Number of protein chains: 2
Amino acid sequence: MTSKQFTSVWVREPRQSKAQGHGLTRDQIVRAALELLDAEGLEALSMRKLGARLGAGATSLYWHVANKDELLELAYDEIWGEMPVPDPDAVGWKDTASAYAHGMRRTILSHPWAAGLIGRMPAIGPNSLRAGDLLRRALILAGFRGMEQDYAGSAITAFVIGTTIPEVAWRSLSQEGAYDAASMREVVRKAASDYPDFVARTDDYEGRDERVVREMNFDFGLLCVLDGLEKRLGS
Amino acid sequence: MTSKQFTSVWVREPRQSKAQGHGLTRDQIVRAALELLDAEGLEALSMRKLGARLGAGATSLYWHVANKDELLELAYDEIWGEMPVPDPDAVGWKDTASAYAHGMRRTILSHPWAAGLIGRMPAIGPNSLRAGDLLRRALILAGFRGMEQDYAGSAITAFVIGTTIPEVAWRSLSQEGAYDAASMREVVRKAASDYPDFVARTDDYEGRDERVVREMNFDFGLLCVLDGLEKRLGS
DNA sequence: ACCTGAACACCGTTCAAGT
DNA sequence: ACCTGAACACCGTTCAAGT
């Protein structure tokens, strides 16, 4: 049991910044990292590349952030600043939860690299906490208390990330010219030739607008989760 | 649009094996990879380490598998052979879906490295397809048709992976001595000091058996999803 | 206070060469 | 048919040294 001390950027004091005009800033580094992540994805982010982008050596970054993971923690929290902020008391718990779910999906789709970070690091940055607090208030308004409050929030969040992670993965493969969509379908068809029902279901997507289908898929599932939650309130 | 041809192990003929006593086999490589993955996790698997484990050079593996991703595809499909196989006609659609969900969670918890692969590669190996077919049959039995059949399956699967991915992540951090559980709680408490409700909820976990809580969390959410699906059948 | 370059211990993959 | 070693183009991180 040689358990290491757990740590996070959010509990360490950042290095004193003298805010001089020249030189690097932690903010600057995080912004550049976000640009690189949005443009090229999670795997493309390396300390060397990031340093080069900032006109500095890779190792210069280590004075401002402890390591790559902490840098990712900072970048990861940043995107949750884009979440919507409805007023639960005004729109009700269901619409608030729905706005939360849709906002979460939209945020991940806008920053696909974030999908690879979910769960890998605790979401305890200021923006993540604010978003989580909104959901919590909605569920309290609904009437959930104690453990059930957590379970309800977990169900909603789980549905969103469980839907969105594969969605992002599929997009990154099939879209943006990485792979030919037709050849992907062909591969699936060939591999699943023993399951004609599955292939038939796959063929049914041909010609449909994928974005619309994904949207309907999301709405359908979210409705199920929220209806199921509502039913539990009654009992 | 320089779209590459998409491919997968499951549509390539494996190399001829003469089944001589000596030398490497693809099966052997996959088995050794599974051992390494189960023992040390996804990040610990390198072609060099795997080669060494088999008493061969890292580059010898490349005659049997095209690359590391294809090797992971093979290993990933292997674990879905552990899924339960209830008879939908005997136990009904809801129990089948429930067994599917619990089996999926159990499989991922048994092979935590699999969590990092979900969505990263299409699940079109024989075991994955068989498992998917079971869920499909259950949903047809329930009465779902066409697109709704896909949406329903997606909702269930999304809930499972969305619940289990963070669960695995938390385990890998807090368990097995990697990090001290108390210090993790302390970090969360400190980072979230602006949200007393959140901290209070966290404190509520102290002293409880984590496995039991996780189980209840899962059952609660699954019930919601299934109830929500049932409701949609009525309309 | 901040940045640098060299160095360490790794990666996946290609490929000509061996048996 | 199968395996090898050298080589290429990368990684994250440490650390003594500079200014």
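In this text, all values refer to a predicted model and were calculated from it rather than measured experimentally. Basis for what follows: all heavy atoms, side chains included, without hydrogens, waters or symmetry-related copies.
- Classification of B/Arg137 and A/Asp197 as a salt-bridged pair fails, no side-chain N sitting under 4.0 Å from a carboxylate O.
- A distance of about 12 Å separates the C1' atoms of C/dC11 and D/dC8, rounded to the whole Å.
- You'll find that the side chain of A/Ser60 is closest to C/dC3, out of C/dT13, C/dA7, C/dC3.
- Comparing C/dT13, C/dC2, D/dT13 against the side chain of A/Asn67 picks out D/dT13 as the nearest.
- Atom-to-atom, CG of A/Leu24 to P of C/dC2 comes out at 10 Å; the value is rounded to the nearest Å.
- For D/dA6, the paired base is C/dT14 (Watson-Crick or G-U wobble, both distances below 3.5 Å).
- Note on B/Leu45: only backbone sugar-phosphate atoms sit closer than 4.0 angstrom, heavy atoms only; bases stay farther off.
- Contact annotation: the side chain of B/Val188 approaches that of B/Phe198 to within less than 4.5 Å [non-hydrogen atoms, C-beta and beyond].
- Between A/Ala58 and B/Gly55, the residue whose closest nucleotide on DNA chain D is further toward the 5' end is B/Gly55.
- A donor atom on one side chain and an acceptor atom on the other are found under 3.5 Å apart for B/His111 and B/Glu82.
- The side chain of B/Thr59 places no N or O atom within less than 4.0 Å of a non-bridging phosphate oxygen (OP1 or OP2) of D/dT4.
- Counted by atom type alone, A/Arg130 and A/Asn127 present one or more donor-acceptor pairs between their side chains at under 3.5 Å.
- Per the geometry, NZ belonging to B/Lys68 stands 15 Å off P belonging to C/dC10, to the nearest Å.
- Counting non-hydrogen atoms under 4.0 angstrom, A/Ala56 reaches the backbone sugars and phosphates but no base.
- Ionic pairing of A/Arg15 and A/Glu70 is not present here: no N-O contact between side-chain nitrogen and carboxylate oxygen is shorter than 4.0 angstrom.
- Atom CG in A/Leu61 sits about 10 Å away from atom P in D/dG12, given to the nearest Å.
- The interatomic distance linking A/Leu54 (CG) with C/dT4 (P) rounds to 11 Å, in whole Å.
- Distance, B/Gln28 CD to D/dC2 P: 12 Å, rounded to whole Å.
- Residue B/His64 places no side-chain N or O under 4.0 Å from the OP1 or OP2 atom of D/dA1.
- Pairing partner, D/dT19: C/dA1, with both Watson-Crick or wobble hydrogen-bond distances short of 3.5 Å.
- If you measure from atom CE of A/Met47 to atom C1' of C/dC3, you get 14 Å, rounded to the nearest angstrom.
- When rounded to the nearest whole Å, the span between CH2 of A/Trp63 and P of D/dT14 equals 16 Å.
- As rounded to whole Å, 13 Å separates atom C1' of D/dC11 from atom CD of B/Glu43.
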